[in-house]
Amino acid sequence: MKKILFAASEGVPFVKTGGLADVVGSLPKCIDKQYFDVRVILPKYTCIKYEMKEKISFITNFYMDFNWQSVYVGIEEATVDGVHYYFIDNEHYFGGPKPYCDDPCYEIEKFAFFSKAVLSALPLIGFQPDIIHCHDWQTGLIPVYLKERFRGDLFFTSMKSIMTIHNLKFQGKWDVKTVQSITGLPDYYFTADKLEAYKDANLLKGGIVFADAVTTVSETYAEEIKTQFYGEGLDGLLRARSNDLRGIVNGIDYTDFNPTTDKYIVKQYDAVNFRKEKVKNKLALQDQLGLTKGENKMMIGLISRLTDQKGLDLVSYVMDELCQDDVQIVVLGTGEDRYENMFRHFDWKYQNKVSANITYSEELSHRIYAASDAFLMPSLFEPCGLSQLMSLRYGTLPIVRETGGLKDTVQPYNEFESTGTGFSFTNYNAHEMLRTIRYAEHIYYDKKREWNKMVDRAMAADFSWDVSAKKYQEMYDWLIG
Ligand code: GLC
């Protein structure tokens, strides 16, 4: 049995701020249990909801040298849906109302602590993974520590690591002196070919340099990040490591996201009866959100972290124009003030057309996927993107910019060949986006049969984890040898 440990800063069903948590929560379930024992380790945040905290039990504790002190490390565990989870407990680092805070230096200290604690805990719990699969900058120090202080210990000598990049934008950077003092790593590690980048210490860079393999979450993003535009300053390194870098597209949990059984939605439907049944979800949502009622009002959903990455400045730029059309726009998400306020403003200005829900709600998100006709995702960059996959699953046609995972998962409509599962545009340009939305409106209103055939194709597309989980397994096999 090959043993894999996922190390991450968030994972469904315990804690989620973004897509990373969905991947960490769903991929381990889909790795073949006959050959692999996949477990997951997360921080035990105080903000984990009570129902989930209840499932966690204490294993043991110890004190670890860290940041010039001797620090408490609790090890706890839980089993959910057949997956074994471990937790690192320390209320000083993982307390507070949210998993992350705004102080970058403190975040670095917190996750440096987590990374070192993960490795230090392993001999005590008797789980000796063949591979530690690390996710994003928060776990970037694991490959580094593994090659440094833990290497001499026989328990760790043949342990491999993988670094998966879910978002290159976030790297965990702070000045070398401070990071060196926090991590206790020697000078040797803070050179431009290792942790140092542009005079700062960079934790993700450390992970990329020291991991045995590097992956990211779509093939297109794996290519894009080797260019200056998408490379966030690390394109040179990623080009240098291109032999060890591969893109594996994410899947979604096909049980959680299933219009035939979804408990959150008003009317369940499937690929056969969607023509009659799906619209009942729209009527119910129009009621719930106070929008003009009508089966034939084209509804466009937008569910997202409200950040720059998501292309919201394009939306903001043409929102007035778009609202002259016969469309309804339903937004769900939280994030930067300027985008929250922008959507609140348009909600106020176009009351029965725009509904801005500046909050986080699993239930409402499912209702929007089910109710909408189209789903807008004009991202500036998108490593993979999961919402467009959820939309496809619910027969809601994505309108996307051709970048990263959006390019790999949404096939643009071709009216001459009657192919495609959504609509897409190339350039980061507001009117190019608007033109594409209007083209979608035209198909929706004037060529309903074509639209519905596209829904057929969207619902038939397979973005479950099956295919991608196999690719991870191949990589594990290859690395373990
Ligand atoms: C990040 C990326 C998103 C990706 C997710 C899971 O949130 O921004 O594109 O789908 O990670 O890999």
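Bear in mind the structure is a predicted one, so any value in this text is a computation, not a measurement. All ligand and atom numbering here is 1-based and tracks the order in the structure.
- Remark: distances from the non-hydrogen atoms of K169 to ligand 1 are all 4.0 Å or more.
- For ligand 1, the atoms lying closer than 4.0 Å to a non-hydrogen atom of R305 are 7 (O), 8 (O).
- Residues forming a ring pair (Phe, Tyr, Trp, His ring centres under 6.0 Å) with F381 (at least two apart in sequence, or on another chain): none.
- Residue N167 has at least one heavy-atom neighbour below 4.0 Å for each of these atoms of ligand 1: 8 (O).
- Considering OG1 of T164 and CD1 of I248, their distance stands at 7.5 Å, rounded to 0.5 Å.
- Proximity of L20 to ligand 1, defined as any heavy-atom pair under 4.0 Å, is confined to the backbone N, CA, C and O atoms.
- Closest approach of V40 to V83, counting heavy atoms only: CG2-CG1, 4.0 Å.
- Close contacts between ligand 1 and Q309 involve ligand atoms 8 (O) [criterion: under 4.0 Å to a heavy atom].
- Proximity of G385 to ligand 1 is established by a heavy-atom distance of less than 4.0 Å.
- For the 3.5 Å distance criterion, the side chains of E362 and Y360 qualify, holding a donor opposite an acceptor.
- Close approach of ligand 1 to V217 (heavy-atom distance below 4.0 Å) involves ligand atoms 12 (O).
- With ligand atoms numbered from 1 in the order given, ligand 1 contributes 1 (C), 2 (C), 6 (C), 8 (O), 11 (O), 12 (O) to contacts under 4.0 Å with heavy atoms of H166.
- In summary, the side chains of Y254 and R393 do not present any donor paired with an acceptor at a separation below 3.5 Å, with no hydrogens or angles considered.
- The contact set between ligand 1 and N250, taken as ligand atoms under 4.0 Å from a residue heavy atom, comprises 6 (C), 10 (O), 12 (O).
- The closest protein non-hydrogen atom to atom 3 (C) of ligand 1 is E382 OE2, 3.4 Å.
- Listed by atom number, the atoms of ligand 1 under 4.0 Å from G19 heavy atoms are 5 (C), 6 (C), 7 (O).
- The atoms of ligand 1 that sit less than 4.0 Å from any heavy atom of V23 are 6 (C), 12 (O).
- For F87 and F14, the gap between ring centers is short of 6.0 Å.
- Checked by atom type, the side-chain pair Y230/E223 shows no donor-acceptor distance below 3.5 Å.
- By the 4.0 Å N-to-carboxylate-O rule, K110 lies close enough to E107 to be salt-bridged with it.
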